[in-house]
Amino acid sequence: MSARLSRRGFLGLLGGAVAVAALPACGSGATAGSTGEVMVSAVPLPEPFRVPLPVPPVARPVGVDGTGAQLYRVTQRVAEAEILPGLRTPILGYDGIFPGPTFETRRGRPVVVRYRNELPVPTVVHLHGGHTPAEHDGWPLDLVLPVDGTGDRAGHHGMVGDLAAGEREHRYPNDQRAATLWYHDHRMDFTGPAVYRGLAGFHIVRDEVEDALPLPRDERELPLMICDRAFAADGSFAYPGLDQGMRSLPGVEDDWMEGVLGDVVLVNGAPWPVHEVDAARYRLRLLNGSNARRYRLGLTVPAGPKVPWVQIGSDGGLLASPVEHKVIEIAPGERFDVVVDFSVLPVGTEVTMVNGLDGGSAGQVMRFRVVRAARDDSRVPERLAEIESLVPPAGAPQRTFRFARGAVGDHKGWTINGSSFDPNSSLADIRLGEIEVWRFVTDVHHPVHVHLDPFQVLRRGSEGPSDHDVGWKDTVDVRPAEVVEVAVRFSDHAGRFVLHCHNLEHEDMAMMATIRTV
Ligand SMILES: [Cu+2]
């Protein structure tokens, strides 16, 4: 990370002939297992497993307020990063880095973050998985205009929510179970290009339940943000947005309307990185931060069977008991908290994290190199945490949400129950404290994300939940022509929230709905 680009320089890169001319043609069609099209980079791809795995720095509080809340300040700004060796990539970064700084927080201890917008475009910050009051949740039209006063209200179909000039303070109660959350941009119509260019980071909530478990910790606990990107000839991120200035016209070129897939896999912002590990257990907090790509993650060694994943947590924190997987299918927005036991492998073993859904460059993710024997007191207990089971009572309210391709005005787009996103009309008015049964129905893959409170999967198709659906979820991977039924309960915080598809191209092309809790 280094020098900032000027606003002019940034807009030049985004809007000028450079980015447009460098946009490569779309690839060979949708990759099996993902709904989307591959964008092929216009630069030679680096050798995998050469770059060390970066770990984002932990955000440091600047103080404590009268209520005991920890105060943070984060500036969103344009910066440059060397992501591919030898090339400079302009990014939009929280504090100028990608991923942004990691928030380390405690259950019950509120956090107040003052976000300052030094970018040339409006922003909205959402804490994904946060149990957050409506005015702090990042409503897609609660824009924070650029601090230099150049912001306008162009775009967003002329609609605005609560506008802020330059800065906004978000208060997060953290009144929720320990879990891996993440924060990212959520501006109406432009979430896809904003996240693609770097606006995403981790927010980890911890609590006493987790503290009491003998799980791997400290340097043996790693947050891993996995995402795919394509690069233009000048090293910039290649994104086929219709409006490269991210101002007025939402969506992407027709070839990519099912979703933008890149041919470079980044983990914590580095291409196919390598990480040296002790022969010991590690806890990995897997996050799929991709716009549209799904992964089937496995751990392979040169000889022998796959190394198993031991899942200990889901989107909403610890499971009741661990679940072993050979592979983990993870859709955009989902998190899997896993333990991997490298102690069973000889020192010198190279363990490659692969993606079984791609036969090309995105078929590899990163590598671990077991470099030394080491003492390890950690273990994975058979009982991890208490999980309340959400059992819908007889006569519980039932709702169906159909996620399908459709028109948005005169444009192609994506709809929920036949409608494109309407901030002013609620698709569901929900009573706080009641358990409801929701059915998500799809045409193609749609990872469905609900704000405010997590849910539990009751049924997938004609079967019960799959072994990937365990625990509390806030994002569920609904496959083509599938029906997933969940039980959901919004406990408190009356107000206006959204549910949407977390394929960010679908979301920007209107696959979002307003829900209201009363
Ligand atoms: Cu979708």
Side-chain angles (χ1 to χ4, degrees), residues 26 29-39 126 128 140 184-196 227-228 239-242 250-262 288-295 315 329-334 357 399-408 411-422 427-428 438-451 455 457 460-461 468-469 473-486 497-515:
C26 68
T31 303
S34 289
T35 289
E37 287 288 334
V38 177
M39 170 155 279
H126 169 60
H128 182 131
H184 61 77
D185 199 70
H186 209 303
R187 175 165 61 117
M188 179 170 165
D189 296 344
F190 296 100
T191 294
V195 172
Y196 196 90
C227 59
D228 57 335
Y239 186 81
L242 293 176
V252 291
E253 293 172 29
D254 278 357
D255 282 344
W256 286 278
M257 80 162 281
E258 293 207 325
V260 177
L261 310 178
N288 183 350
S290 307
N291 281 36
R293 186 181 285 282
R294 299 167 73 256
Y295 301 82
D315 302 336
E329 288 210 10
I330 185 168
E334 286 190 298
L357 296 182
R399 302 180 198 271
T400 298
F401 299 95
R402 292 176 194 281
F403 291 74
R405 193 184 287 268
V408 180
H411 302 280
K412 290 185 202 168
W414 298 91
T415 62
I416 301 176
N417 289 354
S419 300
S420 50
F421 178 47
D422 181 352
L427 210 52
W438 289 9
R439 227 165 271 113
F440 303 131
V441 184
T442 53
D443 54 355
V444 293
H445 286 105
H446 298 292
V448 176
H449 172 46
V450 179
H451 287 213
F455 50 78
V457 176
R460 183 178 279 279
H468 282 70
D469 295 325
K473 300 282 296 166
D474 59 47
T475 307
V476 64
D477 181 24
V478 192
R479 297 170 299 188
E482 196 170 44
V483 181
V484 169
E485 197 173 274
V486 306
F497 296 89
V498 287
L499 77 84
H500 61 90
C501 178
H502 219 288
N503 174 317
L504 299 185
E505 281 69 51
H506 298 189
E507 175 181 344
D508 283 347
M509 289 184 281
M511 191 169 249
M512 182 149 63
T514 301
I515 56 176

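In listed order, ligands and their atoms are each counted from 1. The figures here come from the full heavy-atom set of this structure, side chains too, leaving out hydrogens, waters and symmetry mates.
Around the CZ atom of R402, the shell of radius 6.0 Å holds no more than 12 heavy atoms that belong to other residues, nucleotides or ligands.
Around the Cu ion (ligand 1), the protein contributes the following N, O or S atoms under 2.8 Å, ordered by chain and number: H446 ND1, C501 SG, H506 ND1.
A search for salt bridge (charged side-chain N to carboxylate O under 4.0 Å, His left out) contacts involving D254 returns K412, not counting sequence neighbours. Under the rule for a side-chain contact (heavy atoms from CB on, under 4.5 Å), the partners of A331 that lie at least two apart in sequence or sit in another chain are R294, E334, P447, D477. In this structure, the salt bridge (charged side-chain N to carboxylate O under 4.0 Å, His left out) partners of D315, at least two apart in sequence or on a different chain, are R335, K473.
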May I have the step-by-step check of side-chain hydrogen bond (donor to acceptor under 3.5 Å, both in side chains) for N503 and H445, ending in yes or no? CA-CA 9 Å; N503 174 317; H445 286 105; over 6 Å; no
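Judged by distance alone, with hydrogens and angles left aside, the side-chain atoms of T442 form a donor-acceptor pair with the main-chain N or O of R479 at under 3.5 Å.
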